[in-house]
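Notes follow the structure.
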Amino acid sequence: VKGQVLFDPVEATLYAEMVKLAISIVWTVSSPAADPIQVRGMWPAFLPAAMGYFAVNNLRFELVRIVNPGLLVLLWNLKIVVIAALYAL
């Protein structure tokens, strides 16, 4: 309302990543090729990606809040150049 954010971005990204983590665990467990013994120990493999996305999404919220839109677009497009340079190595 009137330019105010009515939700906590950190909480929203945390809930979103928890839902995605739960979906990936359920999807893995319900896979027809899943071995129940191996699946039980697999869920920690999803945690680093979930925590990484949580951190990146929160950084994006902060970046959008702090940086002006023109600079943000420039930074967003610069990541394409950096990825291309790393790929060329």
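Source: prediction; values computed, not measured.
- In this structure Tyr53 satisfies the side chain to side chain donor-acceptor pair (under 3.5 Å) test with no other residue, sequence neighbours excluded.
- A 4.5 Å side-chain heavy-atom check between Met18 and Leu14 finds at least one atom pair inside the cut-off.
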Would you mind writing out the side-chain donor-acceptor pairs for residues 66-89 within the sub-3.5 Å range, not counting sequence neighbours?
unit_1: Asn68; atom_1: OD1; unit_2: Gly70; atom_2: N; d: 3.2
unit_1: Asn68; atom_1: OD1; unit_2: Leu71; atom_2: N; d: 2.8
unit_1: Asn77; atom_1: ND2; unit_2: Val73; atom_2: O; d: 3.4

- request: Before giving the answer on side-chain contact (heavy atoms from CB on, under 4.5 Å), spell out for Leu59 and Leu63 the whole-Å C-alpha distance, their side-chain angles and the decisive distance to 0.1 Å.
  value: CA-CA 6 Å; Leu59 288 174; Leu63 193 62; over 6 Å; no
